[in-house]
Structure formats: structure tokens, C-alpha cells
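Since the structure comes first, as C-alpha cells, the remarks are kept for the end.
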Amino acid sequence: MARRISGGRCEPSAGDLAAGLTGLGRHCAALLGRPGMVDLFRIVIAELPRFPELTKTHFAEGKQPYFETVRTYLVAERDAGTADIADPEMAATQFLGMISNYLFWPSLIVPGWTVTSERVTAVVDDAVRTMTARDDRHGSRWERRG
């Protein structure tokens with residue numbers, strides 16, 4: 001079961017990896033699809049040379065806390081014995097990447113890039129299926145390397 005906390009963040013309880021990741025993935029997709037999000041990223045990128053602190057703040061207040069929510073959730077699933085994920089940091093990076101790579105990043109360079117709500121659901125569901133298939137208890141490894 002997912003719960004909302006301050007700032008509207010989604011923090012699922014450990015116990016069902018697929019359900020928790022689905023909640024986190026849908027929340028991520030909703031955040032990335034907010035009106036003005038693409039414009040905000042464009043401004044931050046454009047102003048990097050003049051205001052390097054802006055990009056650091058944007059990362060620290062935007063992406064990093066959400067990434068940490070996903071990573072912490074994966075650690076909780078591992079600690080509860082409901083998932084065997086040796087490298088939660090890598091797993092969180094890959095999970096969020098599967099979603100943002102299709103739903104968000106093309107919109108920065110492709111004018112008019114849109115994604116239907118059905119496609120958003122499919123992207124999140126596929127990312128969840130990939131993650132659950134990689135659960136070490138099913139023979140694949142999220143090994144920590146390097």
C-alpha cells in the first residue's frame with residue numbers, strides 16, 4: 001500500500017514489490033508529465049553556464065529526493081525479504097531510467113512529443129515487469145559491481 005507524505009511524494013510500504021514499484025512508477029510518470037516540467041528543464045539546462053548553482057539546487061530538490069525514495073523502498077523490500085536486490089542504487093537508477101527515457105527525455109528535443117495515458121501505463125507496467133523479473137530470487141542478479 002502506498003502512502004502520500006509531504007510534498008505529495010509516494011512512499012509504498014514493503015511487502016509487494018510489483019505493487020510498490022507500480023505506485024512509484026505512476027507517481028514518477030505523473031511528475032514528469034506535469035505542465036511546465038519540460039520548460040523548467042530547458043531553462044535549467046540553458047542557464048547552466050551563468051548559474052551553475054541552479055542546476056545543483058534543481059537536482060538536490062527535484063531528482064535526488066525522488067531517486068532516494070525509490071532506492072530506500074528497494075532497500076526496505078530487500079530487508080523485508082520480499083525482494084533480493086543486491087544493488088538498490090543501480091536498480092533505482094534503471095527503474096527510473098526506463099520510465100523517463102520514454103516519457104520525458106524525448107520531449108526536450110522533439111517538438112510536440114506526447115504520450116497517451118494508455119502508453120504511460122504500458123511504460124510503467126513494462127518497467128515493473130522488468131524489475132520483478134530481475135529480482136534475484138528468480139535467477140537474475142542486481143549485482144553490485146565496481
NE2 on His58 to NZ on Lys63, rounded to 0.5 Å: 9.5 Å
Interatomic spacing from CD1 in Ile85 to OH in Tyr73 - rounded to 0.5 Å: 8.5 Å
Backbone N/O of Leu24 and side chain of Tyr66: donor-acceptor pair under 3.5 Å: yes
Donor-acceptor pair, side chain of Thr132 and main chain of Arg129, under 3.5 angstrom: yes
Common cluster, Val110/Ile99, ILVMFWY with side-chain heavy-atom separation under 4.5 Å: yes
Partners passing side-chain contact (heavy atoms from CB on, under 4.5 Å) against Thr121 (at least two apart in sequence or in another chain): Arg26, Asp125
Pairs involving residues 105-115, ordered by first then second residue, that meet side-chain hydrogen bond (donor to acceptor under 3.5 Å, both in side chains) (sequence neighbours left out): Ser100-Trp105
Reported CE-to-CZ distance for the pair Met90 and Arg134, which is rounded to 0.5 angstrom: 9.0 Å
Non-hydrogen side-chain atoms of Asp126 and Met98 separated by less than 4.5 Å: no
Check: Leu21 and Leu74 side chains under 4.5 Å, non-hydrogen atoms: yes
Nearest heavy atoms of Pro106 and Asn101, plus distance in Å: CD-O, 3.2 Å
Least distance between heavy atoms, Leu54 atom then Glu47 atom: CD2-CB, 4.1 Å
Smallest separation among heavy atoms of Ala80 and Ala14, with atom names: CB-CB, 4.1 Å
Same apolar cluster (I L V M F W Y, side chains within < 4.5 Å links), Val75/Met131: no
Contact check, side chains of Val44 and Phe59, non-hydrogen atoms, under 4.5 Å: no
Minimum heavy-atom distance between Ala83 and Leu17, given as atom pair plus value: CB-CD2, 3.9 Å
Other residues, nucleotides, ligands: >12 heavy atoms within 6.0 Å of Arg42 CZ: yes
Closest contact, heavy atoms only, Phe67 versus Ala92: CE1-CB, 3.5 Å
Spacing of Thr55 atom OG1 and Ile45 atom CD1 [to the nearest 0.5 Å]: 10.0 Å
Non-hydrogen side-chain atoms of Asp16 and Thr82 separated by less than 4.5 Å: no
Shortest non-hydrogen contact between Met37 and Leu31, atoms and distance: CE-O, 3.1 Å
NZ on Lys56 to CG on Leu48, rounded to 0.5 Å: 9.5 Å
Sub-4.5 Å side-chain heavy-atom contact between Cys28 and Leu32: yes
Pairs where residues 69-83 contributes a residue and the test salt bridge (Lys or Arg N to Asp or Glu O under 4.0 Å) is met, not counting sequence neighbours: Glu68-Arg71
